[in-house]
Amino acid sequence: MRLVLVGPPGAGKGTQATALSRRLGIPHISTGDLFREHITRRTALGRDAERYLDAGQLVPDHVTTGMVRRRLGEPDAQQGFLLDGFPRTLPQAQALTAILSSSGAPLDAVLELTAPADVVVERLLSRGRPDDTEQIIRHRQRVYRHQTLPLLTHYAPLVRTVHAVGTVEDITTRALTALTEPAGHP
Ligand code: AMP
């Protein structure tokens with residue numbers, strides 16, 4: 001199964017992606033994690049990306065899509081994947097379509113996680129990542145609304161919306177159920 005997970009910062013994408021990838025037997029590919037690994041290893045890509053992560057801004061599309069193209073070319077991604085945090089812009093979505101059409105394996109679904117603003121801010125402030133200060137969080141939320149939300153219209157026929165408040169297990173169950181239902185009927 002080829003899946004994309006979309007949701008505002010703090011919706012619990014990383015936690016759900018870990019659980020879902022285990023349940024579905026597909027690799028969890030998080031662009032945020034990939035960037036943080038590059039930064040830790042001090043690669044050229046990591047040095048390019050670091051200032052954007054620190055500021056809560058999006059890394060330029062060509063850098064991000066190049067990294068994802070390479071990752072999706074690895075053997076474990078040939079039977080499916082769960083993309084977490086990518087695509088985040090329309091050009092990234094178009095690049096993903098191009099990458100997948102070259103292998104004749106389109107996306108199966110886009111899972112949208114939704115949660116009220118007070119819940120997501122509380123989750124973000126409790127995890128303590130360096131880009132989780134109040135000001136940078138607010139900026140990442142604006143970036144999400146302006147750059148990423150339009151993707152839900154772009155992907156409308158594939159979107160399944162999952163209410164992401166509750167225990168991790170409950171939300172995972174809801175997401176797995178949503179994947180078995182026809183799109184457009186969350
Ligand atoms: P995340 O771990 O998904 O919250 O991402 C952390 C940071 O990584 C973001 O604030 C961006 O700076 C960068 N990032 C992650 N995914 C993308 C993407 N698809 N496009 C551009 N920047 C990204």
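Each ligand, and each atom within it, is numbered from 1 in the order the structure gives. We count residues from 1, following the sequence as given.
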Student: Of the protein's non-hydrogen atoms, which lies at the shortest distance from atom 16 (N) of ligand 1, and what is that distance?
Tutor: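 It is T31 OG1, 2.8 Å.
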Student: Please state which part of L53 comes within less than 4.0 Å of ligand 1, counting heavy atoms only: side chain, backbone, both or neither.
Tutor: both
Student: Which atoms of ligand 1 sit under 4.0 Å from any heavy atom of G85?
Tutor: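 In order of number, 16 (N), 17 (C), 18 (C), 19 (N).
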Student: Heavy atoms only: which of H139, R129, K13 is nearest to atom 4 (O) of ligand 1?
Tutor: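 Shortest heavy-atom distance from atom 4 (O) of ligand 1: R129.
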Student: Which atoms of ligand 1 sit under 4.0 Å from any heavy atom of T64?
Tutor: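 Those atoms are 18 (C), 19 (N), 20 (N), 21 (C).
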Student: Determine, for D118 against R123, whether the closest basic-nitrogen to carboxylate-oxygen distance falls under 4.0 angstrom.
Tutor: no
Student: Could you work out, for atom 17 (C) of ligand 1, the closest of R36, R88, R51 by heavy-atom distance?
Tutor: R88
Student: Among protein heavy atoms, which lies nearest atom 23 (C) of ligand 1, and at what distance?
Tutor: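 For this ligand atom, the closest protein heavy atom is F35 CE1, 3.6 Å.
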Student: Testing the 3.5 Å rule here: is there a donor-acceptor pair between the side chains of Q147 and T89?
Tutor: no
Student: Using a 4.0 Å cut-off to any heavy atom of Q92, which atoms of ligand 1 qualify?
Tutor: 18 (C), 19 (N), 20 (N), 21 (C)
Student: Which residue owns the protein heavy atom closest to atom 10 (O) of ligand 1, what's the atom, and how far is it?
Tutor: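 Result for atom 10 (O) of ligand 1: R140 CD, 3.4 Å.
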Student: Specify the protein heavy atom at minimum distance from atom 22 (N) of ligand 1: its residue, its atom name, and the distance to 0.1 Å.
Tutor: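 Answer for atom 22 (N) of ligand 1: V59 N, 3.0 Å.
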Student: Which of the atoms in ligand 1, numbered in the order shown and given with their element, are less than 4.0 Å from a heavy-atom of Y52?
Tutor: 12 (O)
Student: Within ligand 1, which atoms have a heavy atom of Q57 less than 4.0 Å away?
Tutor: 11 (C), 12 (O)
